[in-house]
Amino acid sequence: MLTVMIHAKVKQEMLNEYLDLIKLLVRETTKKGCLIYSFNQNREEPTEFVLYEQWESQTDLDNHIDELFTILGPAKPGDPMPEKLMNMYEKATPVFYNIVE
């Protein structure tokens, strides 16, 4: 099992589009092997988000990421996620954790 936390700051001018996009992702992506998939918006700084995910396996997470490319399109060379999503961020920091049992 693994956990992913992404701390992100969205460009102010992209905030409404980002909110629509994450609603689409929550609704449309298959989450086979997903235990938690939760976008969290900072109450005091509405352009700051934390995405919290827990996956049964790396394969399940990889399948989910492949689906993001199908929905949102390709990445720019060197970027880990679709260009459409990356262009919305001022910064985004993903951190991957193994669950200690």
Side-chain angles (χ1 to χ4, degrees):
M1 217 173 342
L2 68 143
T3 299
V4 181
M5 291 181 68
I6 301 173
H7 295 264
K9 182 161 180 65
V10 174
K11 296 173 186 171
Q12 180 65 48
E13 66 273 14
M14 302 296 289
L15 181 58
N16 289 334
E17 185 177 347
Y18 184 75
L19 289 168
D20 290 341
L21 179 66
I22 62 177
K23 289 174 189 172
L24 170 79
L25 295 180
V26 168
R27 197 174 55 246
E28 298 294 327
T29 57
T30 305
K31 290 169 210 58
K32 179 184 176 292
C34 181
L35 304 172
I36 298 171
Y37 187 73
S38 174
F39 282 91
N40 301 271
Q41 186 177 26
N42 185 321
R43 289 180 175 187
E44 295 179 13
E45 297 291 335
T47 59
E48 293 181 5
F49 292 83
V50 173
L51 171 57
Y52 180 78
E53 307 174 47
Q54 282 192 321
W55 296 90
E56 288 287 341
S57 70
Q58 183 65 52
T59 299
D60 292 325
L61 174 58
D62 292 343
N63 291 337
H64 173 71
I65 291 170
D66 288 344
E67 198 170 30
L68 294 180
F69 287 112
T70 300
I71 293 169
L72 300 176
K76 287 194 304 191
D79 278 349
M81 300 301 286
E83 181 176 8
K84 180 175 183 168
L85 185 61
M86 296 299 291
N87 284 342
M88 294 182 175
Y89 294 131
E90 282 186 26
K91 64 178 181 174
T93 306
V95 182
F96 299 85
Y97 299 90
N98 292 322
I99 293 178
V100 178
E101 300 188 41

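Side chains are part of it too, since the values below use all heavy atoms of this structure and drop only hydrogens, waters and symmetry mates.
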Quiz prompt | In one Ile/Leu/Val/Met/Phe/Trp/Tyr side-chain cluster, 4.5 Å: Val26, Met88 | solution = yes

Could you pull out all donor-acceptor pairs under 3.5 Å where a side-chain atom in residues 58-71 meets a protein atom, sequence neighbours excluded?
unit_1: Gln58; atom_1: NE2; unit_2: Asp62; atom_2: OD1; d: 2.8
unit_1: Asp60; atom_1: OD2; unit_2: Ser57; atom_2: OG; d: 3.1
unit_1: Asn63; atom_1: ND2; unit_2: Thr59; atom_2: O; d: 3.3
unit_1: His64; atom_1: NE2; unit_2: Tyr37; atom_2: OH; d: 3.4
unit_1: Glu67; atom_1: OE1; unit_2: Thr30; atom_2: N; d: 2.7
unit_1: Glu67; atom_1: OE2; unit_2: Thr30; atom_2: N; d: 3.4
unit_1: Glu67; atom_1: OE2; unit_2: Thr30; atom_2: OG1; d: 3.1
unit_1: Thr70; atom_1: OG1; unit_2: Asp66; atom_2: O; d: 3.3

Quiz item: Leu72 versus Met81: any side-chain heavy-atom pair under 4.5 Å?
Solution: no

Exercise. Enter the distance from Phe49:CZ to Ile6:CD1 here, rounded to the nearest 0.5 Å.
Key: 13.0 Å

Exercise. Kindly state each residue pair satisfying side-chain hydrogen bond (donor to acceptor under 3.5 Å, both in side chains) with at least one member in residues 76-100, sequence neighbours excluded.
Key: Tyr18-Tyr89

Quiz item: Would Val95 end up clustered with Leu2 when hydrophobic side chains under 4.5 Å apart are linked, directly or stepwise?
Solution: no

Quiz item: At what distance, to the nearest 0.5 angstrom, does CG of Leu25 lie from CG of Leu21?
Solution: 4.5 Å

Quiz item: By side-chain contact (heavy atoms from CB on, under 4.5 Å), which residues pair with Gln12, not counting sequence neighbours?
Solution: Leu15, Thr47

Exercise. Measure the CD-CE distance between Glu56 and Met1 for me, rounded to the nearest 0.5 Å.
Key: 5.5 Å

Quiz item: Does atom NZ of Lys11 have more than 12 heavy-atom neighbours, drawn from other residues, nucleotides or ligands, at distances under 6.0 Å?
Solution: yes

Practice problem: Following the transitive rule for hydrophobic clusters with a side-chain heavy-atom cut-off under 4.5 Å over Ile, Leu, Val, Met, Phe, Trp and Tyr, establish whether Tyr52 and Ile22 coincide in one cluster. | Solution: no

Quiz item: Can you tell me how far CG of Leu51 sits from CD1 of Ile36, rounded to the nearest 0.5 angstrom?
Solution: 11.0 Å

Quiz item: So which heavy atom on Met86 is nearest to which on Pro80, and how close?
Solution: CE-CD, 4.3 Å

Quiz item: Should Trp55 and Phe96 be regarded as members of a common hydrophobic cluster, given that ILVMFWY residues are connected when their side-chain heavy atoms come within less than 4.5 Å of each other, either directly or indirectly?
Solution: yes

Quiz item: What's the shortest heavy-atom distance between Pro82 and Gly73, and which atoms?
Solution: CB-O, 3.3 Å

Quiz item: Under 4.5 Å between any side-chain heavy atoms of Thr3 and Ile99, yes or no?
Solution: yes

